[in-house]
Amino acid sequence: MSRAFWTGLAIAGAVLVETALGYLVPAPGRYLDPFLLVAVYCALSGNEVHGMFAGAAAGWVQDVLFGGRVLGLSALSKLLVGYAVGLGSGRFLIATTAARSLVVLLATVADALLVQWLASVFSVEAAGLSPVALASRATLNALAGGLLFALVDRRQQRWA
Amino acid sequence: MALAVPARRSRSLLAGLVLAHLVAISHQVDGGGGVSLLQRGLLGALSPLQRGVGAMVGGVGEAWRGWAFHRETYEENRRLEGRVRQLETELQARSFQAQEAQRLRDLLGLRQAVPMDTVAAQVVGRDGMPWFRTLTLDRGEADGITLDAPVMSPTGVVGRVFAVGPHAARVQVLLDRDGAAGVLVERSRVPGVVSGQVSSQAAGAEDLVLKYVPERADVVVGDVVVTSGMEGIYPKGLVVGRVRFVGKGSGLFRDIRVEPSARFDRLEEVLVVRQAKEPFDTPRSVE
């Protein structure tokens, strides 16, 4: 219950960040994906099931409020990314900020490639991401994710 | 930290969820026209959240601009030894009001210029994914907005409604790769189709591509492009943009880029067409 509540709150926070970015940053330069950060953090701090559900929920909200004509592409992509990260976090020690940033970087690349692949499978016309844009997106998400996860963990430790 | 979950259980859950998603996506892709119940329900449930957030962000922005303005005014007043502080404050406050009034006047002017039943809507959300170009509006079915309704700004065509909830609508802007509109070059009457580009990050990605214009067609840089009404969505004669580049294409057609008239990243209010009052036959500019 508590975990679901915090996940919901994090997704609401992601909506706030994404909406604010829409007002502040022009579309081509908007690389940060707060919904992916929610999915990855849930997977890292929980397990593959938590990551999977958090990814699906965050992806659906992203699809409905910010996505294209067909819903579910981002949800399915983030579901798979959440599952994979959760599975990885159960097998490897991913505790340092650098390791977590690397996970976010890989998750961003995987998410982008999955969305583009799913769009092509379902014949949904979607603009492509250039390698430079993908690298910028992954780097920015990795930096933001590493910083954010460290802040959230510090706050949790203070509360505990 | 991580809780142990039986691997078999998690794999079964994964398979079930992936299958459910594939079915949900396939259903939408095969469904053809119309807004799915899923989309309508989810948009109805989630749009109040986004509307609230949008209002909050807008409020914070206004407060920030207000703060910046007050600071600027304060410095100015210090230079003038405080003589005109109140006057300057009032002037700036009126300037804000004047800007807003100008935007609304432009919108009203457009509303009166086009012979259609329209409804004004606020933009509460902008595209958050690099693959799609969309907007979220604070008006929906309850305000008479229907699927495929054209959306306009005072400077040009914005796009069409692709999902409607009770109090929200989502708009596919012309820049989206999946979006397209039948157009005419106003001067030479050459027909074509405009759509978004393949890559959202490429140089000039904020331009539209004008497709299917033959090599020998009379199109030059600066030509105004207007809707042709051929696709049955956009009324004929609305300004789409201006030709920015004309080059040699790889096949039978020319490579033409159009600079859209609508400023997609700065849109705050738009007009949504509810129903055409009369045919919009004569091409006209709304600029």
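Here is how names work: the chains are called A, B, and so on, in the same order as the sequence lines, proteins then strands, and each is numbered from 1.
Contacts between B/V60 and chain A at a heavy-atom distance below 4.5 Å are absent for every atom of the residue. In this structure, chain B has no heavy atom under 4.5 Å from any part of A/F35. There is no contact between A/V121 and chain B, counting heavy-atom distances below 4.5 Å. Only the side chain of A/V115 comes within less than 4.5 Å of a heavy atom of chain B; its backbone N, CA, C and O stay farther away. In this structure, chain A has heavy atoms under 4.5 Å from both the backbone and the side chain of B/R11.
To the nearest 0.5 Å, atom CG of residue A/L79 and atom CG of residue B/L13 are 9.5 Å apart. Here the straight-line distance linking atom NE2 of B/H21 with atom CG of A/L73 works out to 10.0 Å at 0.5 Å rounding. In this structure, CG on B/L14 lies 5.0 Å from OH on A/Y83, to the nearest 0.5 angstrom.
Here the closest heavy-atom approach between residue A/W60 and residue B/A24 is recorded as CH2-CB, 4.4 Å. Annotation for B/S10 and A/E48: closest pair OG-OE2, 3.2 Å, computed over non-hydrogen atoms. Here the shortest heavy-atom pairing between A/R69 and B/D178 reads NE-OD2, 2.8 Å.
Of the listed residues (B/D176, B/T136, B/L22), the one with the most heavy-atom contacts under 4.5 Å to chain A is B/L22. Contacts with chain B were tallied for A/L65, A/T19, A/V70, A/L16; A/L65 has the most, counting heavy-atom pairs under 4.5 Å. Taking chain B as the reference chain and counting heavy-atom pairs below 4.5 Å, the highest number among A/S74, A/A56, A/A112 is found for A/A112. Note: A/G68 leads A/S136, A/S123, A/G68 in heavy-atom pairs under 4.5 Å with chain B.
Contact check for B/L17 versus A/L76: no side-chain heavy atoms found under the 4.5 Å cut-off. Taking the side chain as every heavy atom from C-beta outward, A/D63 and B/F132 never approach each other to under 4.5 Å.
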